[in-house]
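Order of appearance sets the numbers: ligands from 1, and atoms from 1 within every ligand.
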Amino acid sequence: MKILLVEPEKRKEYHTSYPPLALLKLAAYHKKRGDLVKLAKGSSNNSFIPDKIYITSLFTYAWEPVHEVIRFYSDRYKKAKVIVGGIYATLCPDHLRDAFKKRIKIHKRLFKKIDNILPDYSVVPEWDASIVFSSRGCIRKCSFCSVNKLEPKFEARKSIKKLIYPGHKKIIFWDNNILASPYWRDIFDEVEDLNLEVDFNQGLDARLLTEEIALRLKGLKIPLLRLAYDTMGIRKHLQKAIALLKDVGFRGRRIIVYSLFNHENDNPDDFLLRIKELLEWGVVAYPMRYEPLEPMPKNSYVSPNWTAEQLNMIQKARRVIGYGGAFPPYDGLRKKITRAKTFEQAFKLRRIQK
Ligand code: SF4
């Protein structure tokens, strides 16, 4: 069989710095079966005539580039079976079905049979990190998060060694909540033995972070640690986790804390309070704008507790006084935000007098 794997064209709304992991796993699976495999980015002409086409998708707001490649390849290869999977396909199957009827098959959630195989990274030779899941799903049910819809059951595995590609220099964990895994010690042991740089990319759950875990983390090669401060409810846990990490030697500027805003459970005042506290605790605050799960244009949703102007103020402040979209605890920035009495004072930028 001839298999075409398609990643929609990368552009502003369809942006990711990572290779399409599920497609790389499908490449490995089909090559093992003796099939011919080709990876295509966007709509590209070539002489490869596929029997089966897999198309991946990302966030729900990035549906247009997905529709474009479906239209392009299904028109061009009328006899090929077209399978569309990924986040948007799982969360918005009706939106996809309305547009393409029976021409495509929608695959929701994971391809179970390929989840635990080594991806074929040879199709992305410039990439040098192994992306792994040591667990799927999450033990929590945060109302703003899609994980429970994408991976409803929390499942963990004891080993990730066979998912590390020879020659890679880094391991990236995409676990939603690795500290909830009963096997986290086994996984950390393996990472320590492999002696590779590691990134717990989806963040660590501060509520589960103990002194033992902080010490084990310090033994790994971690350039940046990620936590979250999405609601005031985890305040005490987060403050304690940050203190534990600092006690074992992590510098605050190496701890980045994602802070949700624009959800119906938050508002500008509690967002400001969370950002102030993070800067007072000496860590990097990274605002994360909530996007709903429905397919609507990026940055168009405004929660009832916010105004479009307030949301724009944050985006602008991140660009102008922030660094890489974040608010690091630099002296000047920390003072400006922590001394502000109102949201507007903290994030409004003054016009420069000519
Ligand atoms: S803890 Fe994180 S991954 Fe789990 S449901 Fe909440 S936001 Fe999602």
>> For Trp281 and Tyr229, take the angle between the two ring planes, folded into 0 to 90°, and tell me which bin it lands in: parallel under 30, tilted 30 to 60, perpendicular over 60.
In response: parallel

> Relative to each other, are the rings of His95 and His67 parallel, tilted or perpendicular (30° and 60° limits)?
Replying inline: tilted

> Are Tyr290 and Phe144 close enough that their ring centers fall under 6.0 Å?
Replying inline: no

> Can you list the ligand 1 atoms lying under 4.0 Å from a non-hydrogen atom of Phe144?
Replying inline: 7 (S)

> Taking only residues two or more places apart in sequence, or in another chain, which ones meet Phe188 in a ring-ring contact (aromatic ring centres under 6.0 Å, His included)?
Replying inline: Trp184, Phe200

> Is it true that Glu197 and Lys170 make a salt bridge, defined as a side-chain N closer than 4.0 Å to a carboxylate O?
Replying inline: yes

> Can you find a protein heavy atom under 4.0 Å from atom 2 (Fe) of ligand 1?
Replying inline: no

> Hey, does Phe48 have a side-chain heavy atom less than 4.5 Å from the side chain of Leu4?
Replying inline: yes

> Under a 4.5 Å cut-off applied to non-hydrogen side-chain atoms, are Asp266 and Trp306 in contact?
Replying inline: yes

> Which protein N, O or S atoms lie under 2.8 Å from atom 4 (Fe) of ligand 1, given by chain and residue number?
Replying inline: Cys138 SG

